[in-house]
Amino acid sequence: MITVIAEKPSVAREIAALIGAVEKKEGYLEGNGYCVTWAIGHLVGLAMPEDYGLRGFDQSTLPILPDPFKLVVRQVKHNKAYRPDPGAVKQLKVIERLFNSCQSIIVATDAGREGELIFRYIYSYLECQKPFQRLWISSLTEKAIKNGFGNLKAGAEFNGLFHAAQGRSCADWLIGINATQALSIAAGNGIYSLGRVQTPTLGLICKRYLDNTTFKVETYYQIQLAHNKEFIAFKSLSMNKWKEKKLAEDTVKSIARNGNTVSVLSVDTKSVTEQAPLLFDLTGLQKEANKKLNLSAEETLGIAQVLYENKCITYPRTGSKYIPEDVWPDIPDLVRALQHRESCQAAVGKMKWGRFNKRIVNDLRVTDHHGLLITGKIPSALSAKENAIYDMIALRLLEALSQACVKEVTDVVFLALHYEFSMKGSKIIEPGWRGIKGSFLADDAEPEQEIPELKKGDELKIMQATVLEKNTKPPLLFTEAGLLAAMETAGRGIASEEERKALQNIGIGTPATRAAIIETLFTRLYIRREKKALIPTEKGLQVYDFVKDHKIADVAMTAAWELALQKIENNESDVHAFKKDIESYARSITKELLQISIALPEQPKLVCPKCRSRTLLIRDRVVKCPDTTCSWIQFRTVCGVTLSAAELQRLVNDGRTGLIKGMKSKSGKKFDAFIVMDVGCRTAFEFEGSLRKNK
């Protein structure tokens, strides 16, 4: 008997149906010589300090450097303590029984670092010695699964992948546990979570926010001229910028006195070729979905995972934008299949058969998985968001297979008196890939105006001259799309040319983990959303201020670790040397953080409004009475808005807050209200107009 272990029940069912394991059992499916079971994600993980007998935060125990690391069954919180998850324990017993009774194992967890780690941790925890092979597939279609079973790979081929995953797991533990405890001890008030990728990502957000808010806006003036030739209206803009409006206005008057005309100084026309985009990798899809659909990175990954499990797209957690040569013959069939999808029919009709662009084919640029593709299964019953993500992937495939877009771009410079004015126009010569969706502009680009035939020496009348008031613009706040791009290209901003060259294609985190890192920052209350922008909270700025001068906030160090993990994955480097480096850094960062002198803002001393005897405990998430008999509690985040210390003080002392703006109902509708406290110390909303509603 052979045991097949998948990552999720849904994947296990797909595999079981194809290999004839159709008899349902408790925690697995059986038949045709196979037992197919599943892991339900991370059933086993690294033990926490409590499992080593270390409770609470104690400076004398730092740094904590387990050797070896212990593995434990997944834990869940219960009455302020952690205990093994009963569901995980139950499923692990099923897996143990199947492993013990089988001749060999086929590993069918997701084909990537995390999938490999999920299996290897279970295998190690159960002290299993049975031989295992790897099912390595990029989609869950019948064809892919059958081909995978016909080409099973030796488990040892993926030792590098496992060592990289294990190295990442241990590094995150060592840095996260020790740095968090050290900073929290130094602060002496609350928990300040730090992490190997989390902290430099927070640093990117905070630095951009501070650059934006401290930016000194300067006003300047430019002159815009309106022209008309051959019944075509167009405009030019002064290349000069004036700091004073009067100087710009005086220039307009001088030009008018000089005949109110401009002469063409130069006309530069050139052909510009825009290559078709490559396929989406996960980060690219997340960026596009955030820009176009306002979806978070986590939402996009979740939707893509559902589409994958429904066999509509290939494996989403990919870091590649290319496909290997052996996938290319399947591409025409995928395009033909889209003829049966109404939202894609028009785009398929624009494809030039026999002239597909082969730029996406590159065996050397394919990592664990190839770029995102649709499968031959065309979906018919998806949610609105699933449809939008599917079409995004499908249309990107059609764009990638199309030819380049060719434009004729013309730059014209005019002369009025001795002042130069410029304008730009363009004309599409060959639509190419931009014709697929009919979008001929880059994102956020200004439309380029139509211009008439012009040549050097032509004179044109100025129809109108306008002085425009403009302001210098601060760096834009990060959206999730912008942050993902910054995480993806973090290595490019490194000062050292040698390091920058080594890390030029390495970011922080991986396509599979970046969404989770961003969500962690929300969970820690380090950042919040303001429309589409990511804004650090007061606590997030505090943490950044504590660590900004330390290596833990440095993207260069984190990117270097990602490079080291890649080398381990490719069997080019030793995981033990990496772990020693991480342990050494854990020692140094612990020592540095414990020596930080932190002056925290004083919290107001508030007496419990219910028992009137105890001083309230003010935490990030709640304000509560320490007396368990009284048990008064107020959550600080109400309908998406976090109450400031001043508002809490007003609520407790005066029985009502000021008007809280921008709260959001369960249906997503925004509203403004006061939060008031009744005689029983229960809180409720009070709207302008005295309508009350219990919270």
With rounding to the nearest 0.5 angstrom, report the [atom1] to [atom2] distance, [X] to [Y].
{"X": "N290", "Y": "L295", "atom1": "CG", "atom2": "CG", "result": "8.0 Å"}
{"X": "L460", "Y": "N228", "atom1": "CG", "atom2": "CG", "result": "9.5 Å"}
{"X": "T410", "Y": "L454", "atom1": "OG1", "atom2": "CG", "result": "8.5 Å"}
{"X": "C344", "Y": "L338", "atom1": "SG", "atom2": "CG", "result": "5.0 Å"}
{"X": "L210", "Y": "N212", "atom1": "CG", "atom2": "CG", "result": "9.5 Å"}
{"X": "I378", "Y": "C312", "atom1": "CD1", "atom2": "SG", "result": "8.0 Å"}

So which heavy atom on [X] is nearest to which on [Y], and how close?
{"X": "P431", "Y": "C405", "value": "O-CB, 3.3 Å"}
{"X": "L282", "Y": "P316", "value": "CB-O, 3.2 Å"}
{"X": "P536", "Y": "I205", "value": "CD-CG2, 4.0 Å"}
{"X": "A108", "Y": "V4", "value": "CB-CG1, 3.9 Å"}
{"X": "A304", "Y": "L285", "value": "CB-CD2, 4.3 Å"}
{"X": "K291", "Y": "K532", "value": "O-NZ, 3.1 Å"}

Carboxylate-amine/guanidinium contact [X] [Y], below 4.0 Å:
{"X": "K358", "Y": "E325", "answer": "yes"}
{"X": "K8", "Y": "D110", "answer": "no"}
{"X": "E218", "Y": "K241", "answer": "no"}
{"X": "K287", "Y": "E480", "answer": "no"}
{"X": "E453", "Y": "K455", "answer": "no"}
{"X": "D211", "Y": "R208", "answer": "no"}
{"X": "E430", "Y": "K352", "answer": "yes"}
{"X": "E399", "Y": "R434", "answer": "no"}

Exercise: do [X] and [Y] side chains pair donor with acceptor under 3.5 Å:
{"X": "R317", "Y": "Q305", "answer": "yes"}
{"X": "R365", "Y": "S320", "answer": "no"}
{"X": "T375", "Y": "T141", "answer": "no"}
{"X": "S10", "Y": "E309", "answer": "yes"}
{"X": "E562", "Y": "Q566", "answer": "no"}

Problem set entry | With E420 via side chain to side chain contact (heavy atoms under 4.5 Å, CB included) - residues at least two apart |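 Result, side chain to side chain contact (heavy atoms under 4.5 Å, CB included) vs E420: M239, L265, V413, L415.
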Distance-only, no hydrogens or angles: does the [X] side chain make a donor-acceptor pair with backbone N or O of [Y] under 3.5 Å?
{"X": "K207", "Y": "L202", "result": "no"}
{"X": "E116", "Y": "L161", "result": "no"}
{"X": "T300", "Y": "S296", "result": "yes"}
{"X": "N362", "Y": "L364", "result": "yes"}
{"X": "Q403", "Y": "R355", "result": "yes"}
{"X": "N357", "Y": "S402", "result": "yes"}
{"X": "Q345", "Y": "Q339", "result": "yes"}
{"X": "S238", "Y": "I223", "result": "yes"}
{"X": "W561", "Y": "V197", "result": "no"}
{"X": "T558", "Y": "I508", "result": "no"}

Might you confirm whether atom [atom1] of [X] has over 12 heavy atoms from other residues, nucleotides or ligands at distances under 6.0 Å?
{"X": "K377", "atom1": "NZ", "answer": "yes"}
{"X": "E342", "atom1": "CD", "answer": "no"}
{"X": "K456", "atom1": "NZ", "answer": "no"}
{"X": "E142", "atom1": "CD", "answer": "no"}
{"X": "K229", "atom1": "NZ", "answer": "yes"}
{"X": "K350", "atom1": "NZ", "answer": "yes"}

Exercise. With ring centroids as reference points, do H370 and Y315 lie under 6.0 angstrom apart?
Worked result: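 No; Y315 has its ring centre 6.0 Å or more from that of H370.
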Does any part of the side chain of [Y], heavy atoms only, come nearer than 4.5 Å to the side chain of [X], both counted from C-beta?
{"X": "L483", "Y": "R514", "value": "no"}
{"X": "K321", "Y": "F280", "value": "no"}
{"X": "V348", "Y": "V335", "value": "yes"}
{"X": "F578", "Y": "L565", "value": "yes"}
{"X": "V262", "Y": "E459", "value": "no"}
{"X": "I527", "Y": "F522", "value": "yes"}

Seminar exercise, completed: Result for side-chain contact (heavy atoms from CB on, under 4.5 Å) between Y308 and one of T314, L372, I303, L140 points to L140
Problem set entry | Test log, rule salt bridge (charged side-chain N to carboxylate O under 4.0 Å, His left out), inputs R134 and E157 | CA-CA 9 Å; R134 193 61 161 100; E157 285 186 34; over 6 Å; no
For this session: Report yes or no: is the cationic atom of K470 (NZ for Lys, CZ for Arg) closer than 6.0 Å to the six-membered ring centre of Y220, at no more than 45° off its axis?
Result: no
Exercise. Going through the distances and angles, do E569 and K567 end up as a salt bridge (charged side-chain N to carboxylate O under 4.0 Å, His left out)?
Worked result: CA-CA 5 Å; E569 187 171 320; K567 288 182 177 178; over 6 Å; no
Problem set entry | Positive for salt bridge (charged side-chain N to carboxylate O under 4.0 Å, His left out) with D391, one of R396, K437, R341 |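 Output: one option passes, namely R341.
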For this session: Can you label the angle between the F414 ring and the F234 ring as parallel, tilted or perpendicular, going by 30° and 60°?
Result: parallel
